[in-house]
Enquirer: 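One structure coming up, written as C-alpha cells, with questions to follow.
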Amino acid sequence: MRQTAAVLVLPTTSRACWPSTHGRRGFRLPQLTKPIAIGSRNLSQTRNWRSAPVPEVDRAGSKLFETADDAVADIKSGSVILSAGFGLCGVASTLIAALRRRGPESLHSLTAVSNNAGAEGRGGLAFLTESGQVDRMIMSYLGANKKLERQYLTGEIAVELCPQGTLAERIRAAGSGIPAFFTPTGGHTLVQEGAIPVRFDADGNVVEYGKPRETRIFNGKPYLMETALPGDVAILRAWKVDTAGNCVFRYTTKSFGPLMAKAAKLAIVEAENIVEVGEIDPNDVNLPGIYIDRIVPATEKSQVEILKTRSEGGSAKAAAKPSDALVRRNRIAKRAAKELKHGFYVNLGVGIPTLAPSFLPPGEQVWIQSENGILGMGDYPLPEDVDPDIVNAGKESVTLVAGAATFDSSESFSMIRGGHVDVSILGALQVSAAGDLANFMIPGKVFKGMGGAMDLVSNPESTKIVVATEHVAKDGSAKVVQSCALPLTGARVVSTIITDLCVFQVDRKRGTLTLTEIAPGVSVDEVKSKTDATFSVAEDLQTME
C-alpha cells in the first residue's frame, strides 16, 4: 500500500463477488438494481443531516411531564431517534410504549439508532420495528430478532451495521460538536469498503450499500474517517432524576444513556425515581441536567434479556462423564487461561473464551472487561441476587467483583482501542496464517452484525489478540487457513491460536505460523490434515497441558 497524497482513499472491491464459506466458489450478492439518490438516508458520511422539525424546548418551563404519552405527542414522523440501552438493560421501555401507541398512522418513517433492536415480542425497539414505525436502523448487532432480520432481507427496513465502539464514538462526537474523527476500527474490512448491504428490495436484491470510508495513514497505520451521528430525539432511562434533569444511572444502564442525551436536540428521560432539586449529591450526578429537556415517570418494569444464574457454592454440577465436545472446550479454555496473568485486564468473547477464568490457579485474579461498560465482571448471580441493571456484553445477568467499575460505552471502547486491555480472547470462524480474523458473518447466510469485535482487534500492537476455537467447523472444514475466505473482522491482528488440537504462534509481520504445542494423543500429521495453512514445527514442540 502506498500513500500518494495527504488523504488516501483505498480502492473498493467488487461488492457483487463475496467469497463462499470455504473459498471453493464465489458467492454473488444481488446486483445494485437502481441508483441511490443523492440525499438518501445514510448517515454514515452525512455531515449534518436532519429529517424532521424538532419539538421546541422551553427552557423557562418545567421539565416534568405527567405521562410518557404527553412527552412524545409532538415528535414528528421522519425523526432520528437515539434509543439508549443495551439489549433490554436500561432501555426506555415506557417511552417506547408511548411511541408505539402513536401508531404508524401518526408516527412513521423513523430512523432508530441503538446498539441493537431489543428482543422480539419482549421489549426495546423491537416493538417499533414490529409496528412498522421504523424505516431505518443504525446499530451494531441484530441479535436474535428474527422478525427484524426478515424485514431487513425483504426491504421493509434498512439496516446500517456499525462497529459498536464506532457507534458510541460517533454519538459522543455529535454531542461534543466534533463533525468527524479517525479510528483504526474496521480497517481492511467491508466497513472500510462500504460493502455491507444496507437495504434490499422485496425480491432480495441489494438497492443500497454503505459508503466507502475515507482513509488516512497515521504512523504507518490506516485509519478510517467516521462522521458524527446526531439525533433529533433521545429516549433514555435513569434510576434517579431530579426536577432540574440531573440523572443518576445504575451500573450497566449507563452504556448509551449519557451519550445519546448529549447528541440529540431533544432528550427525554424516563425516571424510576423523580426527586426534588438538591436531593442528589453533585458528586453522584452521571448526566447534568443541561442535557435533559423532558422528564417522565418510568412505569414499565426493567427486564433481563438472558437470565443466567448459578447454584450456591459455584456453577452447576458437571455430568458424571462429560461429553467429547465439553472435553474439547475445556482443553481450549484451560490453555487459554495461561494467557491471563495475575493482575491483567482482559476482554473475553462469548463461548469458549468465557470459560478461561475458571481454570486460573488459586490466588490469581484478572480484571474482566465487558464492552458494554464493566471493568471487574464476576460470575453469574445466585437466583435471589439477579439485578436487571447488571448484564454482560452477551446481555446475560452477571455480578461485579469487589473493586469493579461501570461506565458508558465510549469509555469502554477508549480502553479497548487505546490498548489499555492486556489480552483479548475471541472465537473465530476462520483465522489465517498471517493472523487475519473472520468471526462476524458468512455470506449467503444471515449475519448478526460485528458488535464490538472489530474494535477489540483494532490495536494488536498493545493488546494481545488470542483466538480460542475448535480446530474444525461442524462440517469438518478447517478453521485455520492460509488466507480467510470470509469477510474479515481484522487484518493481521491475531498473535496466538489455541484449538483443541494444538497451539500456533503467529508472526504477523511475516505472515507465518509456527506449531508450538500439541494436545496429548494428537500427532503433527493429524494437525496437518486438519489445517488448510502451511506451518513450521517448533524444535522444542511442547505438550498442551
Side-chain angles (χ1 to χ4, degrees), residues 41 43 51-52 67-69 71-73 75-162 167 197-204 207-208 231-237 256 260 268 270 296 298-307 388 391 395 445-449 451:
R41 302 181 63 191
L43 301 184
S51 61
T67 68
D69 294 282
V72 304
I75 293 177
K76 304 296 190 295
S77 294
S79 294
V80 178
I81 307 292
L82 306 182
S83 180
F86 191 88
L88 296 183
C89 178
V91 70
S93 51
T94 305
L95 289 164
I96 288 173
L99 292 170
R100 188 185 192 186
R101 284 193 290 271
R102 290 270 308 267
E105 299 81 11
S106 169
L107 185 64
H108 56 82
S109 305
L110 299 174
T111 292
V113 180
S114 186
N115 182 68
N116 62 292
E120 181 179 351
R122 292 185 57 197
L125 288 176
F127 283 160
L128 298 185
T129 59
E130 291 167 7
S131 66
Q133 293 170 273
V134 175
D135 176 68
R136 175 177 295 256
M137 286 289 312
I138 301 177
M139 60 199 302
S140 77
Y141 192 68
L142 272 75
N145 193 326
K146 296 295 185 182
K147 185 167 184 178
L148 177 59
E149 289 178 2
R150 292 192 297 271
Q151 289 175 303
Y152 168 50
L153 293 172
T154 56
E156 294 180 48
I157 293 180
V159 174
E160 280 190 50
L161 288 174
C162 179
L167 180 69
V198 171
R199 188 184 289 275
F200 295 85
D201 64 16
D203 297 321
V207 296
E208 182 184 346
D232 297 317
V233 180
I235 54 174
L236 56 148
R237 184 182 179 108
F256 278 94
M260 290 180 165
I268 311 174
E270 60 179 67
V296 302
T299 58
E300 299 282 339
K301 291 184 178 180
S302 298
Q303 300 183 63
V304 177
E305 185 163 339
I306 302 176
L307 180 63
V391 301
K395 306 175 187 66
K445 297 183 179 180
V446 175
F447 47 94
K448 304 294 185 181

Enquirer: Which heavy-atom pair separates Pro388 from Cys89 by the least distance, and what is that distance?
Expert: O-SG, 3.5 Å
Enquirer: Between Glu156 and Arg150, does the salt bridge (Lys or Arg N to Asp or Glu O under 4.0 Å) criterion hold? Intermediate values first, please.
Expert: CA-CA 8 Å; Glu156 294 180 48; Arg150 292 192 297 271; over 6 Å; no
Enquirer: In Å and rounded to the nearest 0.5 Å, what is the CG to CG distance from Asp201 to Leu153?
Expert: 11.5 Å
Enquirer: Are any non-hydrogen side-chain atoms of Ile96 and Leu125 less than 4.5 angstrom apart?
Expert: yes
Enquirer: Can you tell me which residue among Thr67, Asp69, Leu95 is in a side chain to side chain contact (heavy atoms under 4.5 Å, CB included) with Val296?
Expert: Leu95
Enquirer: Give a yes or no on whether a salt bridge exists between Arg237 and Glu270, defined as a side-chain N under 4.0 angstrom from a carboxylate O.
Expert: yes
Enquirer: How far does CD of Glu160 sit from CE of Met137, to the nearest 0.5 angstrom?
Expert: 10.5 Å
Enquirer: Of all heavy-atom pairs between Gly118 and Asn145, which one has the smallest distance, and what is that distance?
Expert: O-ND2, 4.1 Å
Enquirer: What's the spacing between Leu110 CG and Arg102 CZ if we round to 0.5 Å?
Expert: 8.5 Å
Enquirer: Nearest 0.5 Å, please: how far is NZ in Lys395 from CG in Asn115?
Expert: 6.0 Å
Enquirer: For the aromatic rings, using the six-membered ring if either is Trp, is the centroid distance between Tyr152 and Phe200 under 6.0 Å?
Expert: yes
Enquirer: For the residue pair Met139 and Ser114, establish whether any side-chain heavy-atom pair is separated by less than 4.5 Å.
Expert: no
Enquirer: Could you give the distance from CG (Asn116) to CZ (Phe86), rounded to the nearest 0.5 Å?
Expert: 6.5 Å
